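Structure first, commentary second.
All values below were derived from every heavy atom in this structure, side-chain atoms included, with hydrogens, water molecules and symmetry-related copies excluded. Chain identifiers are assigned alphabetically (A, B, ...) following the order of the sequence lines, protein sequences preceding nucleic acid strands; residue numbering begins at 1 within each chain. Since we're looking at a predicted model, the values are computed, not measured.
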Amino acid sequence: MQDILFYVFAGLVLICGFLVVANPFSRSPVTSAMFLVLTIISLAGLFVLLHAFFLAAVQILVYAGAVMVLFLFVIMLLDLKVEDRRRLKVFSIVTGLGASGAILFMFMRHLLHAPLVGQSATLSEGATIPLGHLLFENYLLPFEVVSVLLLVAMVGVVLLSKKELK
Amino acid sequence: MNYLDFFATLLPETTLVLTALAVLLVDAAGLRELKTAHRILGASLVSLLGCALSVAFVCMGHGSSYLLDGILINDPLTRLIKVAILIPGMFTCLLTPGSRLRAHPGEYFCILLLAMTGLLLLVSSENLLVIFLSLELASMCLYILAAFNTTDARSIEAGLKYFLFGGISAAFTLFGFSLIYGLTGSIDLRPIAGALGQSTDPLLMVAVVMVIAGFGFKIAAVPFHLWAPDVYEAAPLSSAAFIASGSKVASFYVLARVVITGLGGTTGVPGSQWMTLLAILAGSSMVLGNLAALTQTSVRRLLAFSAVANAGYMLIGVLAPGSGGLPALAYYLILYSITAIGAFGVVALVEARAGHDRLDAFSGLCRNSPVTAFCLMVFLLSLAGIPPLGGFFAKFYLFAAALRASPGDPLILSLVVLAIASSAVSLYYYLRVLKEVYVRPVAGAEPAPIPDLPVIGLFILAIAVILLGSFPQWLVHAVESAQAASSF
């Protein structure tokens, strides 16, 4: 059952992720945003399968909820037009397919030949308490670095997008 | 975990973050009413103070500590490299008043200090997560610094180019890291090295290619160097100077750490090709960097291609097996960052006077300001590797260390030969600049005189380059004993 669900969710993530950036049926930004919501919800499903219930809930609340609403607001405020269909260049198709084919080939070779060396990480129940312990003990430094990173992003956005008053 | 140890180790970084916030506050609260030039000066002094405090805290550190399985490392070599990042940072603060910033000095210094924080964290961790995050922190700051003059279309273009290249290369790095995690089940470099053993897994090769592509962007090695000339040319001068010096030191050090500590076990194992990969990057950087520099008319672009070529030389230090090339690499990095920031300092003075950085802006410099001309000569000849300047000994030490660490290795030998040949080529374009300075008469009207105060700073740097070249044993001893006392 778990395996089937994994494949369902993983397949959904891949298909929806593809449709966000390269939807053959529609070039409307709103459609892309809607597929992004679907991608995020399927990712949340994968988190549930990993017993990370808190992360799954946060993923849906924050990303699918708050962030996506903002995205849609911005798209609608900017009144983006449906993009023109771009002609795909043969060169970019060939190189793109070649590179992804090569990586896929390496993956398959690895999966078929080598035994999996990575031992499965200790499965901790994804409740808030163990997560908090991880964040504020082992991973305190990365956590703080992220907070500084967000500060930089904030200052930078205000700075670069501000109109200069003369 | 002992939070007190943790905090004590992070004191330099914490100081920088607090100073960054303080600069914002001081600028917004106290300096808002003043003229822009005075605001820049005030903010620059506050940041300098913060950097000096941070250097003091780094120097006060002692012993080696290895907190949380390598999330945070504090050892003598790391401290040395941290000082080598902070000192160019301080000179960048000094350069900023001459860089024609139009507005928002508080934000500029805030972002600059946070970039330094990111670089300091970058060199003090063996954890892939922290490495990636601090790399992003530093890069994000540098993108903003490059695009800072929002009224100048060229500065925006430079920032955008840097950002797009950087974003893609960050994605590559992250993909590579995630593959390494998938292969080994760990994100700490030492367990990774243990789990990889002598593995020659093809998937590891994919991971290594991705990681090296990501770092190759940061160190501006061919073929990931395309952003460098544009950013060096069009970004505000102090931003370009910091990208060329402090950021370079940190990126090289962390590349060496990831490659040597994480993948070192697979050195020389047939089928593990990462050394060949780095060698190709090194060789093409030296050749292409030096050849492209020959035709440049903008001195900043010339310095950019010279940086690409120098990245090629420094990669030889990373390639020397084990950590044999490491002290030499550290010496080269320190020397290179001092020289690069000095050269940018002279360009700043000339640009402030002439309004552009083309070669003819430099003509007759020796008659206007002999000291500035002398400083420029020291920096450029040191970059070219002329004895008795620091750059000569840095190259000599690096090549000798690489050859000694791998006797009879055709790969290293051919790279060293190529490096020596191409640094002979590089002499030509450095001399082209010096010819303008010393031989050509002043073009057009007599230009405005050069202010004295910045020249003193440059003179100190030039003296440092001469002394480090004439008495290299000081720094060599410091670097070697630091490495002996470190776990790297």
Side-chain angles (χ1 to χ4, degrees), chain A residues 10 17 21 43 46 50 92 95-96 98-123 132-166, chain B residues 1 3 6 10 13-14 17 20-21 24 67-69 71-72 102-104 106-108 110-111 114-115 117-118 121 124-125 127 129-130 132-134 136-138 140-141 143-145 147-148 150-151 156 159 175 179 181-186 195-197 199 201-207 210:
Chain A
V21 284
L43 269 180
L46 287 179
L50 290 171
S92 53
T95 46
S100 27
I103 291 175
L104 188 71
F105 172 71
M106 291 292 200
F107 266 119
M108 292 321 285
R109 240 182 93 177
H110 177 79
L111 291 178
L112 295 179
H113 291 284
L116 282 177
V117 281
Q119 57 289 56
S120 60
T122 45
L123 193 68
H133 273 297
L134 269 183
L135 274 186
F136 288 101
E137 281 171 9
N138 292 21
Y139 296 105
L140 178 64
L141 182 63
F143 184 73
E144 296 297 338
V145 175
V146 169
S147 69
V148 180
L149 186 61
L150 289 178
L151 172 73
V152 169
M154 219 156 57
V155 174
V157 162
V158 172
L159 199 74
L160 294 180
S161 59
K162 194 174 148 193
K163 274 216 173 70
E164 294 296 329
L165 298 173
K166 280 288 159 200
Chain B
M1 186 187 75
Y3 284 97
F6 200 67
L10 278 177
E13 288 86 353
T14 317
V17 174
L21 298 177
L24 268 186
L67 297 172
L68 291 173
D69 302 326
I71 279 195
L72 190 62
R102 292 211 177 75
H104 312 301
E107 286 85 343
Y108 187 89
C110 168
I111 303 275
L114 292 177
T117 316
L121 287 170
S124 53
S125 182
N127 179 292
L129 183 63
V130 181
F132 179 74
L133 283 176
S134 41
E136 273 305 277
L137 171 59
M140 198 75 87
C141 295
Y143 306 145
I144 299 170
L145 291 182
F148 202 87
T150 45
T151 45
I156 300 233
F175 198 4
L179 286 179
Y181 175 65
L183 281 168
T184 61
S186 172
L196 285 179
S199 147
D201 202 305
L203 203 56
L204 176 64
M205 210 46 231
V206 178
M210 302 231 173

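Using a 4.5 Å cut-off between heavy atoms, B:Leu179 contacts chain A through its side chain alone, with no backbone atom that close. Residue B:Ile156 does not touch chain A at all, counting heavy-atom pairs closer than 4.5 Å. The parts of B:Leu133 that come within reach of chain A are both its backbone and its side chain, each placing non-hydrogen atoms under 4.5 angstrom from that chain.
In terms of heavy-atom pairs under 4.5 angstrom with chain A, the leader among B:Leu67, B:Asn127, B:Val130 is B:Val130. Looking only at heavy-atom pairs under 4.5 Å with chain B, the residue among A:Val155, A:Val145, A:Val152 that has the most is A:Val152.
Within the model, atoms OH of B:Tyr108 and CG of A:Leu159 stand 11.5 Å from one another, a figure rounded to the nearest 0.5 Å. Atom CE of B:Met140 and atom CG of A:Leu150 lie 8.5 Å apart (nearest 0.5 Å). How far CG of A:Leu140 is from CG of B:Leu68: 8.5 Å, rounded to the nearest 0.5 Å. Atom CD1 of B:Ile111 and atom CD1 of B:Ile144 lie 4.0 Å apart (nearest 0.5 Å). In this structure, CD on A:Glu144 lies 8.0 Å from CZ on B:Phe6, to the nearest 0.5 angstrom.
Residues passing the side-chain contact (heavy atoms from CB on, under 4.5 Å) test with B:Ala138, sequence neighbours excluded: B:Leu119. Residues forming a side-chain contact (heavy atoms from CB on, under 4.5 Å) with A:Thr95 (at least two apart in sequence, or on another chain): A:Phe91. Residues satisfying the side-chain contact (heavy atoms from CB on, under 4.5 Å) test with B:Thr117, not counting sequence neighbours, are B:Glu13, B:Leu16, B:Val17, B:Leu114, B:Leu121.
At a heavy-atom cut-off of under 4.5 Å, chain B is reached by A:Ile103, A:Met106, A:Phe107 from residues 100-107 of chain A, listed in order of number.
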